[in-house]
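Read the structure below first, then the notes.
The figures here come from the full heavy-atom set of this structure, side chains too, leaving out hydrogens, waters and symmetry mates.
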Amino acid sequence: MFSLKVPIISVVTGEGGSGGALAIGCANKLFMLENSAFYVASPEACAAILWKSAQATSKAVEKLRITAQEHYRFKIADVVIPETLGGGYSDPVWTSQQIKFAITQAMEEGNFFKELGKMDTED
């Protein structure tokens, strides 16, 4: 993805984990549904590695800071997209409209294309 000469917007709609998370993270803009999670190591794997116990999964979730809100706060995610009660899959039409709105709104902001204009398009 690093070699692409076009802007990339990734939208995390559920769980983005492991190598897939690394690929998703190569985007110019990262959007996340509000109930989505994004991590390199799953909480279960992290608990098994660090605390040698699956019972430590909730502790791992807290320490990994994998939620959309936390990623937005740390400027990893650019946008958190709202979901309906029960999650985005409970009303996929509404959720897809929210995703479209978020992308359109970001593109209409003046600095969006300015940032992407810094991309090296030579080659």
Over all heavy atoms of both residues, which pair between [X] and [Y] is shortest? Give the atoms and the distance, please.
{"X": "Ala68", "Y": "Glu34", "result": "CB-O, 3.9 Å"}
{"X": "Leu30", "Y": "Ile24", "result": "CD1-CG2, 3.6 Å"}
{"X": "Trp94", "Y": "Pro82", "result": "CZ3-O, 3.6 Å"}
{"X": "Tyr89", "Y": "Pro92", "result": "O-CD, 3.4 Å"}
{"X": "Ser53", "Y": "Ala47", "result": "O-CB, 3.3 Å"}
{"X": "Ala37", "Y": "Val12", "result": "O-CG1, 3.7 Å"}

If only atom types and distance count, is the side chain of [X] paired as donor or acceptor with the main-chain N or O of [Y] below 3.5 Å?
{"X": "Glu44", "Y": "Thr57", "result": "no"}
{"X": "Asp78", "Y": "Phe31", "result": "no"}
{"X": "Lys75", "Y": "Tyr72", "result": "no"}

Are [Y] and [X] co-members of a hydrophobic cluster defined by side-chain heavy atoms under 4.5 Å apart?
{"X": "Val80", "Y": "Phe74", "value": "no"}
{"X": "Ile66", "Y": "Val40", "value": "no"}
{"X": "Ile99", "Y": "Phe101", "value": "no"}
{"X": "Ile103", "Y": "Leu33", "value": "yes"}
{"X": "Val79", "Y": "Met107", "value": "yes"}

From [X] [atom1] over to [Y] [atom2], what is the distance, rounded to the nearest 0.5 angstrom?
{"X": "Leu50", "Y": "Leu64", "atom1": "CG", "atom2": "CG", "value": "8.0 Å"}
{"X": "Lys63", "Y": "Ser58", "atom1": "NZ", "atom2": "OG", "value": "11.0 Å"}
{"X": "Asn35", "Y": "Thr84", "atom1": "CG", "atom2": "OG1", "value": "8.5 Å"}

*Less than 4.5 Å apart, any side-chain heavy atom of Thr13 and any of Ile81?*
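No, every pair of side-chain atoms sits at 4.5 Å or beyond.
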
*Name all residues meeting the side-chain hydrogen bond (donor to acceptor under 3.5 Å, both in side chains) criterion together with Glu70; count only those two or more places apart in sequence or in a different chain, and write none if there are none.*
Thr67

